[in-house]
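Residue numbering restarts at 1 for every chain, and letters A, B, ... go by the order of the sequence lines.
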Number of protein chains: 2
Amino acid sequence: MTMTTEIKTKKDVVTEFRTSGILEAARKVFAKKGFHEATVDDIAEAAGVAKGTVYLYYESKRDVYFAALKFGIGQMYSLLLDELHKATTPEEKLKALIAAKLAYFDENRDFFKIYYSELGNIPTAHPAGIDNEFQALYQEQARLVEAILKEGARKKAIRSLRTEQTAFAISDIIRGVGTHRILGWSKSKISQDVDFIFDLVWKGIAAQ
Amino acid sequence: MTMTTEIKTKKDVVTEFRTSGILEAARKVFAKKGFHEATVDDIAEAAGVAKGTVYLYYESKRDVYFAALKFGIGQMYSLLLDELHKATTPEEKLKALIAAKLAYFDENRDFFKIYYSELGNIPTAHPAGIDNEFQALYQEQARLVEAILKEGARKKAIRSLRTEQTAFAISDIIRGVGTHRILGWSKSKISQDVDFIFDLVWKGIAAQ
DNA sequence: CCCCGATGACTGACTATACAGTCAGTGTAC
DNA sequence: GTACACTGACTGTATAGTCAGTCATCGGGG
């Protein structure tokens, strides 16, 4: 009973080591080649294990893919929450969120590519539901923005507008600037891009 | 000499008939399944011809894909230009462009999916260059917006800002709202979405 | 302290399948 | 009877997933 929560057996350690190694390799390979072009052999090679080993820890190529994706999303999400808690006003929060997201993308370019490029591109899973799960994860991100907007509207810092749509629009801008950066089209510093987005958005949504 | 430009031989007519039929089928199939999951057999079946026939008119699956994509982009582009020419002020132009693009996406959902979902996702072509061609087509769209912004800045209707970045941001919002619509998350009328986007953007970029 | 058998993590050759692209043959129109 | 658009069975290749076998580690008995 306590064992399952407290004690790491040797097996646990090995499993953790392998899964994280494979996940890291998968992230890189998928980012570089995309889901379909990446082969399990590629991932195995990048992780320094044999193909069979991948299947000891993951059921399928798809499974690896989603595990890598979820890991990244979870990591980013908790980072975003951390940053949001440091800020107080809606204005600060919005700026913090933009900054944190851009920074995360910048540091995890391979994740960015998987997250957005392949998003919505994976064939519908046979038993259905994976697409929905995907969309849910995606919407969750936008909902962080929406919460800020609602708070801002309550405090009269933001004019009244369709918060859900606006939240998506803001997320889309962040995505777009992120793409710009990743593709190497933008030579600006992150902080400049953050200021730019915030400026544009804030003028668009501020009260009065 | 004149024949090549003026007279449609019977062969030309057949070719046109076949290519457009295949292209239309390809658009649907690619939109539904994505590039990799779609098979040439699927496309042939959807077009009501045998697989071999597809290869009489196109060199490869990729070739079909790009033909379908380029056709859609070209069509959309000329539509956008038409609408832009009807408008006079930068304000009108921006609104016209948003409206035209959303309308086109709404009427060509399968094109939308190909254009955005798969965009940037096709493996780098072996001889290189296809990715670049893609990016060029993508940038061309944003440049339409950029031209409006620059005109607006000249006429002092728009405050001075980084036009290129802003143009991309606006394109990203349109893309985002389009996604929203396509996924069925938005039940609004197109005109409502247009007003929403325009309102948000204009407040963000207007002078004063 | 050493040997030896058991455990299980790991391997990679192999199988089954799917699919892009080909081409010899068919049928129709003129 | 000939030209040629069209067909679809066939080929070659790529690769997801499997599984019989290897080897390193460890624990217990001599």
Side-chain angles (χ1 to χ4, degrees), chain A residues 7-26 28-30 32-69 118 121-127 130, chain B residues 7-26 28-30 32-69 118 121-127 130:
Chain A
I7 300 172
K8 272 186 190 167
T9 64
K10 185 176 177 187
K11 186 182 164 181
D12 287 337
V13 175
V14 169
T15 297
E16 209 178 301
F17 179 70
R18 284 287 178 233
T19 50
S20 70
I22 291 171
L23 235 44
E24 212 171 309
K28 283 189 191 124
V29 174
F30 281 132
K32 188 172 170 194
K33 301 196 171 186
F35 180 77
H36 292 279
E37 297 284 314
T39 70
V40 177
D41 277 307
D42 288 337
I43 296 167
E45 196 192 349
V49 298
K51 180 161 48 170
T53 307
V54 174
Y55 285 93
L56 292 179
Y57 297 97
Y58 297 95
E59 282 200 348
S60 64
K61 180 182 172 185
R62 239 220 187 73
D63 197 29
V64 178
Y65 183 79
F66 284 114
L69 188 58
E118 202 89 43
N121 221 9
I122 291 296
T124 310
H126 304 159
I130 281 212
Chain B
I7 299 171
K8 273 185 190 168
T9 64
K10 184 173 178 192
K11 187 182 165 181
D12 286 338
V13 174
V14 169
T15 297
E16 209 176 300
F17 178 69
R18 286 284 180 234
T19 50
S20 70
I22 292 170
L23 235 44
E24 210 170 311
K28 282 189 191 123
V29 173
F30 281 133
K32 188 173 171 195
K33 301 195 170 187
F35 179 77
H36 292 280
E37 298 282 315
T39 69
V40 177
D41 277 307
D42 288 338
I43 295 167
E45 196 192 348
V49 298
K51 179 160 51 167
T53 307
V54 173
Y55 285 92
L56 292 178
Y57 297 96
Y58 297 96
E59 281 199 349
S60 64
K61 181 182 170 182
R62 238 221 187 71
D63 196 31
V64 178
Y65 183 81
F66 284 115
L69 187 59
E118 202 90 42
N121 222 6
I122 291 293
T124 309
H126 303 161
I130 282 212

Do B:L23 and B:Y58 pass the side chain to side chain contact (heavy atoms under 4.5 Å, CB included) test, and can you show the C-alpha distance, the side-chain angles, and the key distance before you say yes or no?
CA-CA 10 Å; B:L23 235 44; B:Y58 297 96; 3.1 Å; yes

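- For A:A38 against A:K33, the heavy-atom pair with the smallest separation is N-CB, 3.8 Å.
- Using a 30° and 60° split on the angle between ring planes, A:Y65 and A:F35 fall in the perpendicular class, above 60°.
- A cation-pi contact, defined as under 6.0 Å to the ring centre and within 45° of the axis, is absent between B:K61 and B:F30.
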Trace of the side chain to side chain donor-acceptor pair (under 3.5 Å) decision for B:D42 with B:T39:
CA-CA 5 Å; B:D42 288 338; B:T39 69; 3.2 Å; yes

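- The CD-C1' distance, from A:E37 to D:dT15, rounds to 12 Å in whole Å.
- Taking five base pairs at each end of the helix from C:dC1-D:dG30 to C:dC30-D:dG1, the local helix axes there meet at an angle of 10°, rounded to 10°.
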Given A:E37 and A:K32, is the side chain to side chain contact (heavy atoms under 4.5 Å, CB included) satisfied, shown in steps?
CA-CA 9 Å; A:E37 297 284 314; A:K32 188 172 170 194; over 6 Å; no

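- Note on A:Y57: every side-chain N or O is 4.0 Å or more away from OP1 and OP2 of C:dA9.
- Taking each heavy atom of A:I22 and A:A47 in turn, the nearest pair found is CA-CB, 4.0 Å.
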Quick one: what's the B/S/- string for nucleotides 20-25 of chain C, heavy-atom cutoff under 4.0 Å, read 5' to 3'?
BBB---

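- The distance between atom OH of A:Y65 and atom P of D:dA16, rounded to the nearest whole Å, is 14 Å.
- Rounded to an integer number of Å, the gap from A:Y58 OH to D:dA16 C1' is 17 Å.
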